[in-house]
J.: 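Input: one structure, supplied below.
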Amino acid sequence: MPITLQELQQTLQYTFQNPALLQRALTHRSFSADNNERLEFLGDSVLSLAISSLLFQRLRELPEGDLSRVRSNLVKEGTLHQIALKLQLPELLRLGEGEAKSGGKNRPSILADAVEAILGAVYLDADFVAAEQVVHRLFEGVDINPHMRAAEKDPKTALQEWLQGRRMQLPQYSVLAITGAAHKQTFEVACMISELKLGAKGTGPSRRAGEQAAASAMLAILKAKHP
């Protein structure tokens, strides 16, 4: 039988005071204007901080750069997709007809976004402590070890490390435009480094992909200016 919202809350070990927040977290923009995009934006930051805290405690010997790379492995789309499948989120997602017919409920980017949106919803429903506890439970079955630092750097991580190595602030990403049909969107994202007064743009089929493309474009600019 399909999983229910009540069963999802039992799996999360968190009961919403405002169940509408959880419903919104599972609502794709193709279904309604009252969707999970803003919750996903919030949940992205909640997840990053919660994982950073977890790694700081668990991997005490790793330097900053390696911690950043391990975190990148944990918060990437593939990891969140697997968590979404364990939570049986495909059965609970609310999608527009076109998105549903094109297989949206199994699309990794949509499922990863839903996980982040749920974390944002928990944060709003309670506080960061509650959201952090949910993050720790979701990642209990995920292998976290120092060897993850050997993984290839993605553009966002590489850019972050380039800036941190020069004691600069982290880049800021913003979605400039979303075009295309609901089931086949293109995200145009800007990457800004205020201290250097530099900007770059990238596009991709999801916000994450757009951010990675923008980071890659920014790295190309920096390498040309600082060979």
J.: Has the side chain of Thr79 got a donor or acceptor atom that lies under 3.5 Å from a matching backbone atom of Asn73?
T.: yes
J.: Return yes if some donor-acceptor pair links the side-chain N/O of Ser68 with the main-chain N/O of Glu64 below 3.5 Å, else return no.
T.: yes
J.: Are Leu198 and Lys225 side-chain neighbours, meaning at least one heavy-atom pair lies under 4.5 Å?
T.: yes
J.: With a 4.5 Å cut-off on side-chain heavy atoms, are Gln88 and Thr11 touching?
T.: no
J.: Nearest 0.5 Å, what's the CD-NZ distance between Glu188 and Lys201?
T.: 5.0 Å
J.: Just by distance, do the side chain of Gln169 and the backbone of Glu195 share a donor-acceptor pair under 3.5 Å?
T.: no
J.: To the closest 0.5 Å, what do you measure between CG (Leu8) and OH (Tyr14)?
T.: 12.5 Å
J.: Quick one: do Ser109 and Ser206 satisfy side chain to side chain donor-acceptor pair (under 3.5 Å)? Show the steps, please.
T.: CA-CA 6 Å; Ser109 60; Ser206 68; 4.9 Å; no
J.: Which pair of heavy atoms, one from Asp127 and one from Ala130, lies closest together, and at what distance?
T.: OD1-N, 2.9 Å
J.: Does the side chain of Ser52 pick up a donor-acceptor pair with the side chain of Arg71 at under 3.5 Å?
T.: yes
J.: Step by step, work out the side chain to side chain donor-acceptor pair (under 3.5 Å) result for Ser53 and Gln57.
T.: CA-CA 6 Å; Ser53 176; Gln57 297 170 31; 3.1 Å; yes
J.: Please give me the minimum heavy-atom distance between Ala112 and His81, naming the atom from each residue.
T.: CB-N, 4.4 Å
J.: Compare every heavy atom of Cys191 with every heavy atom of Pro171, then report the nearest pair and how far apart it is.
T.: CB-SG, 3.8 Å
J.: Are more than 12 heavy atoms, taken from residues, nucleotides or ligands other than Phe187, located less than 6.0 Å from that residue's CZ atom?
T.: yes
J.: Looking at Lys105 and Pro90, what are the two nearest heavy atoms and their distance?
T.: O-CB, 3.4 Å
J.: Is there a continuous path of hydrophobic side-chain contacts, each under 4.5 Å between heavy atoms, that joins Ile83 to Leu85?
T.: yes
J.: For Leu222 and Leu159, what are the C-alpha separation, side-chain angles and deciding distance, and is it a side chain to side chain contact (heavy atoms under 4.5 Å, CB included)?
T.: CA-CA 9 Å; Leu222 293 174; Leu159 177 58; 3.5 Å; yes
J.: May I have the step-by-step check of side chain to side chain contact (heavy atoms under 4.5 Å, CB included) for Ser102 and Arg107, ending in yes or no?
T.: CA-CA 9 Å; Ser102 67; Arg107 188 164 292 126; 3.6 Å; yes
J.: With a 6.0 Å cut-off (strictly less than), is the heavy-atom count around CZ of Arg137, excluding the residue itself, greater than 12?
T.: yes
J.: Step by step, work out the salt bridge (charged side-chain N to carboxylate O under 4.0 Å, His left out) result for Glu161 and Arg69.
T.: CA-CA 9 Å; Glu161 292 182 4; Arg69 212 164 305 149; 3.1 Å; yes
J.: Can you name the closest pair of heavy atoms from Pro155 and Leu219 and give their distance?
T.: O-CD1, 3.6 Å
J.: Do side-chain atoms of Asn18 reach the backbone of Asp125 as a donor and acceptor pair under 3.5 angstrom?
T.: no
J.: Do the side chains of Leu87 and Ile110 join up, straight or via other hydrophobic residues, at under 4.5 Å, putting them in one cluster?
T.: yes
J.: When rounded to the nearest 0.5 angstrom, what distance separates CD in Glu40 from NE2 in His28?
T.: 9.0 Å
J.: Can you find a heavy atom in the side chain of Leu93 that is under 4.5 Å from one in the side chain of Leu111?
T.: yes
J.: Taking atom CD of Gln9 as the centre, does the number of heavy atoms from other residues, nucleotides or ligands within less than 6.0 Å exceed 12?
T.: yes
J.: Taking only Lys NZ, Arg NE, NH1 and NH2, and the carboxylate oxygens of Asp or Glu, determine whether Arg207 and Glu116 approach each other closer than 4.0 Å.
T.: yes
J.: Quick check for you: to the nearest 0.5 Å, what is the distance between Leu95 atom CG and Asn35 atom CG?
T.: 11.5 Å
J.: Does one hydrophobic cluster hold both Leu22 and Phe41, with members joined at side-chain heavy-atom distances below 4.5 Å?
T.: no
J.: Please tell me if the side chains of Leu119 and Leu42 come closer than 4.5 Å, counting only heavy atoms from C-beta onward.
T.: no
J.: Kindly indicate whether the side chain of Glu37, heavy atoms from C-beta on, has any atom under 4.5 Å from the side chain of Ile178.
T.: yes
J.: When rounded to the nearest 0.5 angstrom, what distance separates CG in Asp34 from CD in Gln23?
T.: 9.5 Å
J.: Could you walk me through whether Gln164 and Leu170 satisfy the side chain to side chain contact (heavy atoms under 4.5 Å, CB included) test, starting with their C-alpha distance in whole Å, then the side-chain angles of each, then the deciding distance to 0.1 Å, before giving a yes or no?
T.: CA-CA 7 Å; Gln164 288 177 330; Leu170 297 181; 4.0 Å; yes
J.: Kindly give the heavy-atom pair with the smallest separation between Trp162 and Met168, and that separation in Å.
T.: CZ3-SD, 4.4 Å
J.: Is the side chain of Glu99 donor-acceptor paired with the backbone N or O of Gly96 at a distance under 3.5 Å, no angle test?
T.: no
J.: Does Ile221 share a hydrophobic cluster with Ile193, counting links as ILVMFWY side-chain heavy atoms below 4.5 Å and allowing steps through other members?
T.: yes
J.: How about Leu39 and Arg24: do any of their side-chain heavy atoms sit closer than 4.5 Å?
T.: yes
J.: Could you go through Leu47 and Leu74, starting from their C-alpha distance and side-chain angles, then the distance that decides it, and tell me whether this counts as side chain to side chain contact (heavy atoms under 4.5 Å, CB included)?
T.: CA-CA 10 Å; Leu47 175 63; Leu74 294 176; over 6 Å; no
J.: According to a hydrophobic-cluster definition based on side-chain heavy atoms being under 4.5 Å apart (Ile, Leu, Val, Met, Phe, Trp, Tyr only), do Phe31 and Leu5 belong together?
T.: no
J.: Quick check: do Leu89 and Ile3 have side-chain heavy atoms less than 4.5 Å from each other?
T.: no
J.: Under the rule for side chain to side chain donor-acceptor pair (under 3.5 Å), what residues qualify as partners of Lys101, not counting sequence neighbours?
T.: Glu97
J.: To the nearest 0.5 Å, what is the distance between CG (Asp44) and CZ (Arg208)?
T.: 6.5 Å
